Colleague: 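My questions will all concern the structure given below.
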Amino acid sequence: MTARLWRFPGGLELPGHKTESCERESGTATLPAEVVLPLQQHIGAPAEAEVEPGQYVRTGERIARARDFVSAPVHASVSGTVQAVEDRPIAHPSGLSAPCVVIASDGTDSWTELTPTPDYTAEAASDLRNRIREAGIVGLGGAGFPSAVKLNPGGRPVETLILNGAECEPYITCDDRLMQEEPARILRGMLIMRHALQAQRCIIGVEDNKPAAIAALTAARDELAGTDPAAAAVEITTVPTRYPAGGEKQLIYTLTGKEVPSDGLPIQVGVVCHNVGTATAVERAISEGRPLVDRLVTVTGSAVAEPRVWRVRLGTPVGDLLEERVRDWGEIGEIIVGGPMMGFRLFHHEAPVAKTSNCLLVPAAEELTPAPDPMPCIRCGACQEVCPARLLPQQLYWHARDKDFDKVQDYNLFDCIECGCCAYVCPSHLPLVQYYRFAKTEIWAAEREKKKSDIARARYEFRNERLEREKAEKAARQAEKKKQVNKGDDQKKAAIEAARKRAQQKKEEQGVQPKNTDESELTEEQQRKVAEAEARRGEGTGEETDTGDTAGKGE
Amino acid sequence: MFELVRSSPHFHPGRSSVRRVMLTVCAALIPGTLAHLWYFGPGIAFNLAAAVAAALATEAVLLRLRHRSVAPFLGDGSAVLTAWLLALALPPLAPWWLPMLGTALGMALGKHLYGGLGHNPFNPAMVGYVILLVSFPREMTAWLPPSGAVDLGAHWQFFLTGSLPAAADLDAVTRATPLDQIKTALGQNRTIPEVWQGNPIFGDLAGIGWEWVNTLFLLGGLWLVFRRTIPWQTPAGVILGVGIPALIFYALDPGAYGSPAFHILSGATILGAFFIATDPVSAPSAPRARLWYGIGIGAFIYIIRTWGGYPDGVAFAVLLMNTAAPTLDYYIQPRTFGHGGGQ
């Protein structure tokens with residue numbers, strides 16, 4: 001029963017350089033004297049340190065907690081005293097430093113208490129995911145995406161669970177050794193993942209340059225099938241050796257014929273893909289309760305005395321790991337973290353091995369032919385013949401060079417997986433991947449700037465609006481008040497006016513002349529004097545203004 | 001301490017380079033060139049030598065003027081290839097200044113004017129050829145019949161001085177090419193079979209000598225496609241673009257239109273399909289765009305030959321489609337993995 005396979009576009013056949021390191025059994029590296037554990041060894045938000053200098057920690061104890069949903073905790077990989085929580089150089093192409101927890105080993109490697117889960121089938125999927133998350137497990141194929149998040153189908157059905165055993169990059173052999181030495185653990189890990197995802201179908205994809213690994217997996221599967229019927233259904237499929245068959249989207253296409261949508265995730269086509277190393281870490285986390293404190297690293301290259309795969313504690317400085325294994329430090333060309341196609345050069349030898357470091361490649365100075373100086377692009381199109389994403393690398397190059405970032409996105413820049421096939425075949429030796437990385441980072445920086453300025457503008461507009469509103473309210477209040485005051489004045493005036501009119505009316509009605517005394521009580525003489533005064537008053541009223549003296553007018 | 005930070009990939013096969021690509025194409029031209037030498041005399045060798053010398057000299061001078069480093073560009077083989085194609089396009093009996101002038105103008109106006117290697121929108125060899133064709137029509141149509149009308153000595157003298165030794169007469173010695181003869185005959189209302197029968201220059205399918213030259217170019221071209229040095233879409237398109245209209249019109253009226261085999265094996269169709277149209281710099285880069293580019297060239301070749309003013313239209317067809325190359329590239333793009341389609 002050979003499964004149908006699809007051929008992804010482009011791709012290259014590269015010299016493998018794997019036999020050097022995959023024929024020896026893997027070894028366990030000695031515990032380092034000091035470990036430097038970066039707080040971010042994964043995609044997502046960096047973890048937050050929970051320990052302080054001077055604190056004693058045991059191996060496997062959590063020293064940094066995950067911050068967001070897409071994040072992972074960090075655990076101590078040796079027992080000892082925390083020396084510092086500070087910035088240290090890390091293995092990153094920029095050569096910059098990042099926050100790390102530094103622990104000096106006490107040499108005893110005493111483990112913290114572990115809580116295994118004896119029967120995973122009895123656990124709810126979300127509980128399993130929590131344990132995996134708490135164990136700090138991230139994708140061990142090199143990308144470092146938090147595995148608990150990838151084991152959460154979010155309500156979507158999972159048709160196929162794929163384990164990636166392709167390991168397509170030259171020189172790297174840690175997955176190959178793992179499949180040969182611990183195939184049963186891989187399968188058990190796969191079954192745990194299957195349970196968490198409720199996946200229908202399980203496939204392990206392995207390149208055909210690893211016959212021993214395929215044989216070991218098949219034997220282990222057949223043996224496990226005796227006790228666990230779910231194991232019998234696991235398919236072990238050989239895929240043709242072609243770089244980059246181990247790319248997630250490429251492997252999914254090869255095994256299922258489905259194309260993961262450009263701005264989407266594999267879950268949207270009902271597929272979840274994990275690395276075989278991640279599966280073993282999951283198995284250890286569930287069956288032993290063991291968090292992620294070490295990983296397999298391929299140490300190879302012609303400057304290395306015995307190329308081999310080593311199990312290394314996380315946080316081991318690269319220099320320590322290579323110290324006794326490099327033949328002659330004077331003759332090395334450079335140290336590359338990762339493989340020759342996608343790895344980066346390491347400048348600080350004290351940078352530590354992290355969850356994403358799958359290989360240390362130390363070529364002798366003559367082995368890695370230095371790239372000749374680039375010539376102009378002759379538009380031959382060799383790059384697009386090998387692009388696994390079916391892009392036009394040539395157009396991306398021209399527009400990235402011109403810094404025309406709109407055009408670059410028209411040609412689907414973000415579908416580039418940075419595999420390096422285009423730069424490998426270019427007859428003009430152009431560093432194409434470097435141009436694409438430049439374009440991508442420029443676009444991201446521009447988007448961040450735009451987001452910031454959008455927020456700033458929104459705040460500014462809101463502030464203006466608020467001030468306008470306040471001003472308007474204030475003006476309304478004042479107008480209201482004024483109206484009230486005016487109304488009050490008017491009322492008083494109206495009352496006075498009304499009273500005077502009433503008085504006037506009354507006077508006219510009753511024909512009453514204002515008199516000071518009652519006439520009947522006065523003598524005749526007095527009455528005659530009063531009449532004269534009245535007559536004088538009658539004259540006086542016509543010439544009011546002249547007198548200015550109120551005596552004649554009364555009160 | 002300043003160290004150069006190189007991006008991945010860190011492997012470089014060391015096999016591929018611009019020089020290797022250019023010289024591979026030159027190697028594929030050798031069989032056809034030898035046939036040309038066999039049938040039409042030593043002229044091609046003189047022209048080739050003159051053109052290569054002029055190309056390298058012009059390139060060196062212009063690179064200096066443009067303040068660029070001379071050695072890497074001079075050694076990249078593109079000048080030699082341009083010179084070779086132009087030399088094949090010229091009549092074998094030519095004075096020394098014809099190939100030199102054409103190559104120099106092609107390099108200057110067709111390549112360095114735009115920024116040198118990788119920047120020219122037009123095919124430099126065709127630019128040089130067209131300038132010569134339009135400026136020196138008499139020299140450019142003085143073709144020879146196959147098999148030695150002019151001997152080596154006389155040829156050398158013509159090359160140096162522009163005139164044959166006293167005994168020979170230029171008009172008696174030169175002939176029109178098969179395509180030219182057909183065109184003239186059709187213009188005189190004669191049919192092709194009339195012209196063909198008994199005419200010493202015509203062989204089974206096309207002109208004698210030309211059949212072999214073009215067949216060997218075809219073999220060289222197929223080898224390049226097999227080696228993936230050139231894409232298959234462009235030559236396939238050119239041949240389809242010439243062959244299908246030729247088939248249609250030949251079926252309608254065999255007397256008035258040449259057969260598809262005639263058109264494909266005559267003139268510069270094969271040379272154009274495999275060596276001239278495939279100049280990567282002036283052609284589109286997307287696969288389907290290249291196919292349509294080739295078809296366009298083929299169609300133009302047929303149109304110019306049949307209804308246009310020149311007996312062979314390869315140079316003009318190529319230059320016309322060069323102008324369309326960026327548009328073809330923009331509108332005919334392959335579907336990116338993960339966009340649309342696929343389930």
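Quantities reported herein were computed from a predicted structural model and do not represent experimental measurements. Below, chains carry the letters A, B, ... as their sequence lines are ordered, and counting in each starts from 1.
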Colleague: With a 4.5 angstrom heavy-atom cut-off, is it the side chain or the backbone of Pro388(A) that approaches chain B, or both, or neither?
Modeller: backbone
Colleague: Quickly, which of Leu432(A), Leu14(A), Val433(A) forms a side-chain contact (heavy atoms from CB on, under 4.5 Å) with Pro9(B)? Name it, please.
Modeller: Val433(A)
Colleague: Where on Val21(B) is there a heavy atom nearer than 4.5 Å to chain A: the side chain, the backbone, both, or neither?
Modeller: side chain
Colleague: Under 4.5 Å, heavy atom to heavy atom, which residues of residues 324-334 of chain B contact chain A?
Modeller: Asp329(B), Tyr330(B), Gln333(B), Pro334(B)
Colleague: If contact means a heavy atom pair closer than 4.5 Å, which residues of residues 228-241 of chain B contact chain A?
Modeller: Arg228(B)
Colleague: Which heavy atom in Pro280(B) sits nearest to a heavy atom in Ile378(A), and how many Å separate them?
Modeller: CB-O, 3.2 Å
Colleague: Is Pro431(A) in contact with chain B via its backbone, its side chain, both, or neither, using a 4.5 Å heavy-atom distance?
Modeller: neither
Colleague: Quickly, which of Glu334(A), Met341(A), Met342(A) forms a side-chain contact (heavy atoms from CB on, under 4.5 Å) with His10(B)? Name it, please.
Modeller: Glu334(A)
Colleague: How about Arg7(A): does its CZ atom have over 12 heavy atoms from other parts shown lying under 6.0 Å from it?
Modeller: no
Colleague: My understanding is that only residues two or more places apart in sequence, or in another chain, count here; which of them pass ring-ring contact (aromatic ring centres under 6.0 Å, His included) with Phe300(B)?
Modeller: none
Colleague: Verify the neighbour count for atom CH2 of Trp398(A): are there more than 12 heavy atoms of other residues, nucleotides or ligands below 6.0 Å?
Modeller: yes
Colleague: Any side-chain heavy atom of His339(B) sitting closer than 4.5 Å to one from Asp415(A)?
Modeller: yes
Colleague: Can you tell me which portion of Trp6(A) sits under 4.5 Å from chain B's heavy atoms? Options are side chain, backbone, both or neither.
Modeller: neither
Colleague: Run the ring-centre check on Tyr253(A) versus Phe337(B) and record whether the distance is less than 6.0 Å.
Modeller: yes
Colleague: Which of the residues Gly338(A), Pro170(A), Gly95(A), Ala389(A) is involved in the greatest number of heavy-atom pairs with chain B at under 4.5 angstrom?
Modeller: Ala389(A)
Colleague: Would you mind checking which part of Arg19(B) comes under 4.5 Å of any heavy atom in chain A, side chain (CB onward), backbone (N, CA, C, O), both or neither?
Modeller: neither
Colleague: Is Phe344(A) in contact with chain B via its backbone, its side chain, both, or neither, using a 4.5 Å heavy-atom distance?
Modeller: backbone
Colleague: State, to 0.1 Å, how close Arg390(A) and Arg335(B) come at their nearest heavy-atom pair, and which atoms those are.
Modeller: NH1-O, 2.7 Å
Colleague: Is any side-chain heavy atom of Pro287(B) closer than 4.5 Å to a side-chain heavy atom of Gln384(A)?
Modeller: yes
Colleague: For Ser285(B) and Gln395(A), work out which heavy atoms get closest and say how close.
Modeller: OG-NE2, 3.3 Å
Colleague: If I measure from the heavy atoms of chain B, does Lys407(A) come under 4.5 Å with its side chain, its backbone, both, or neither?
Modeller: side chain
Colleague: Less than 4.5 Å to any heavy atom of chain B: does that hold for the side chain of Cys383(A), its backbone, both, or neither?
Modeller: neither
Colleague: Using a heavy-atom cutoff of under 4.5 Å, enumerate the residues of residues 110-127 of chain B that contact chain A, numbered in order, or state 'none'.
Modeller: Leu117(B), Gly118(B), His119(B)
